[in-house]
Amino acid sequence: ITKTANTETVEIGQVVTYTITGTIPDTTGYADYTYKIHDTLTEGLDFVKDANGTAQEGTNYSVSVQIKNGASSTQNAVLSGNNNRTMTLDLSEWIRTNQGSKGQEFTVTYYAKVNPNAVVQTNNKAELEYGNNSGDTTKGNPVVVTTPTYPLDIKKTDTKGTLLEGAKFRLYKNEGDAKAANDKAIKVTGSDGSYTVAADQNTEKNMDMVTRGTEVSTGYNLHLNGLKAGTYWLVEKEAPAGYNKLTAPIKVTITQNRENELEWTV
């Protein structure tokens, strides 16, 4: 099997569409042929029902299965493990029923939402368990899909390099909104210099991130987690007492390299 995601980098609150592609095997002579797909998410992802991010309830999980360009059907999987982040999809009967399409590719589609626990390496892996009978199966090599989310670290100092407490920043996706310093900034949760992109940008109200006078990460006194690669504009909304704030937005570009590591351009 192979596995792909519909995006290479994500932000917290984003829904990722995953697609597993397999080939219908020839099960002639094996009435008990076994074909199971196991998928395990990291703590930064949660299974959801659809592309809209509808919350999953319980351990019975529905996925879409389709042979080439044929009609899709719904198959039932079972969730288990830590916070129901392991999916087991037993396609054994479905494979045996569709022997008229043996040798053809099929796809399995399902969804996961990036939660506030996401880190740079938001991986998940899928593996195939198969065999001529249910009592003697083999597991193939896992296929791993990486959908990283990135942090942004900020260092606010005076002219002598002393970390300054109380600078209030906002981060925007749009340069026009940044120049207007309006209320269309990215919503965040957190406090004391450490913040996370809010999972629900519609209900969360806070946009302000405030520096502290000591490091929150090595060398920096403001930390934001949960951004996808892209271009942002940083605005200093309010300066610490006795200091002037920045006069214009700062353009920040987050780039994903081949190793999914973080590169910033300011």
Side-chain angles (χ1 to χ4, degrees), residues 7-15 44 113-122 147-266:
T7 182
E8 294 183 352
T9 175
V10 295
E11 65 184 5
I12 290 173
Q14 183 174 347
V15 176
K113 187 174 183 178
V114 185
N115 66 43
N117 293 321
V119 294
V120 172
Q121 292 292 346
T122 303
T147 48
T149 187
Y150 296 115
L152 177 63
D153 288 313
I154 297 166
K155 183 178 183 180
K156 177 66 175 179
T157 70
D158 62 14
T159 56
K160 296 181 180 179
T162 303
L163 296 176
L164 292 178
E165 181 180 4
K168 185 180 294 184
F169 287 93
R170 289 182 178 182
L171 189 66
Y172 293 83
K173 295 182 178 180
N174 179 284
E175 185 179 12
D177 290 330
K179 288 182 176 179
N182 59 28
D183 290 339
K184 296 182 180 180
I186 295 172
K187 310 300 193 306
V188 298
T189 60
S191 61
D192 195 28
S194 183
Y195 297 87
T196 301
V197 174
D200 191 334
Q201 290 290 302
N202 295 318
T203 59
E204 179 60 43
K205 302 299 182 184
N206 182 55
M207 297 165 279
D208 296 329
M209 302 176 291
V210 183
T211 60
R212 70 179 192 184
T214 56
E215 292 183 350
V216 66
S217 59
T218 304
Y220 302 94
N221 56 344
L222 182 59
H223 174 84
L224 174 64
N225 187 47
L227 298 168
K228 64 181 179 180
T231 300
Y232 302 89
W233 284 265
L234 183 68
V235 172
E236 187 173 8
K237 186 72 174 178
E238 183 178 313
Y243 293 87
N244 294 322
K245 66 180 182 181
L246 297 173
T247 58
I250 296 176
K251 181 180 178 180
V252 179
T253 301
I254 299 176
T255 303
Q256 176 188 15
N257 64 23
R258 292 183 180 179
E259 289 74 34
N260 292 321
E261 294 174 348
L262 173 67
E263 295 177 354
W264 292 336
T265 303
V266 178

What closest approach, in Å, do [X] and [Y] show between heavy atoms, and which atom pair accounts for it?
{"X": "K156", "Y": "N221", "answer": "N-OD1, 2.9 Å"}
{"X": "A198", "Y": "T189", "answer": "CB-CG2, 4.1 Å"}
{"X": "Y195", "Y": "V210", "answer": "OH-N, 3.1 Å"}
{"X": "T7", "Y": "T9", "answer": "OG1-O, 2.8 Å"}
{"X": "K155", "Y": "G219", "answer": "CD-O, 3.2 Å"}

Spacing of [X] atom [atom1] and [Y] atom [atom2] [to the nearest 0.5 Å]:
{"X": "L163", "Y": "T211", "atom1": "CG", "atom2": "OG1", "value": "8.5 Å"}
{"X": "K237", "Y": "L171", "atom1": "NZ", "atom2": "CG", "value": "14.0 Å"}
{"X": "K184", "Y": "I186", "atom1": "NZ", "atom2": "CD1", "value": "14.0 Å"}
{"X": "L234", "Y": "L224", "atom1": "CG", "atom2": "CG", "value": "9.5 Å"}
{"X": "K228", "Y": "K173", "atom1": "NZ", "atom2": "NZ", "value": "5.5 Å"}
{"X": "K187", "Y": "K205", "atom1": "NZ", "atom2": "NZ", "value": "7.5 Å"}

Do [X] and [Y] come within less than 4.5 Å of each other through their side chains, counting heavy atoms only?
{"X": "L246", "Y": "F169", "value": "yes"}
{"X": "T218", "Y": "D153", "value": "no"}
{"X": "P249", "Y": "K179", "value": "yes"}
{"X": "H223", "Y": "P151", "value": "yes"}

Short question: side chain of [X], backbone of [Y] - any donor-acceptor pair under 3.5 Å?
{"X": "T149", "Y": "L227", "value": "yes"}
{"X": "T196", "Y": "P116", "value": "no"}
{"X": "Y232", "Y": "I254", "value": "no"}

Apply side-chain contact (heavy atoms from CB on, under 4.5 Å) to K251 and T253, showing your working. CA-CA 7 Å; K251 181 180 178 180; T253 301; 4.1 Å; yes

In chain order, what residues pass the side chain to side chain donor-acceptor pair (under 3.5 Å) check against D208, with sequence neighbours excluded?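 So D208 forms a side chain to side chain donor-acceptor pair (under 3.5 Å) with R170.
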
Enumerate the salt bridge (charged side-chain N to carboxylate O under 4.0 Å, His left out) contacts for residues 218-227, please, sequence neighbours excluded, ordered by first and then second residue.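 Salt bridge (charged side-chain N to carboxylate O under 4.0 Å, His left out) check on residues 218-227 returns no pairs.
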
Determine whether D177 and W233 satisfy the following criterion, side-chain contact (heavy atoms from CB on, under 4.5 Å), listing intermediate values before the conclusion. CA-CA 9 Å; D177 290 330; W233 284 265; over 6 Å; no

Any salt bridge linking E236 with K245? Criterion: basic side-chain nitrogen under 4.0 Å from a carboxylate oxygen.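 Salt bridge between E236 and K245, a charged N being under 4.0 Å from a carboxylate O: no.
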
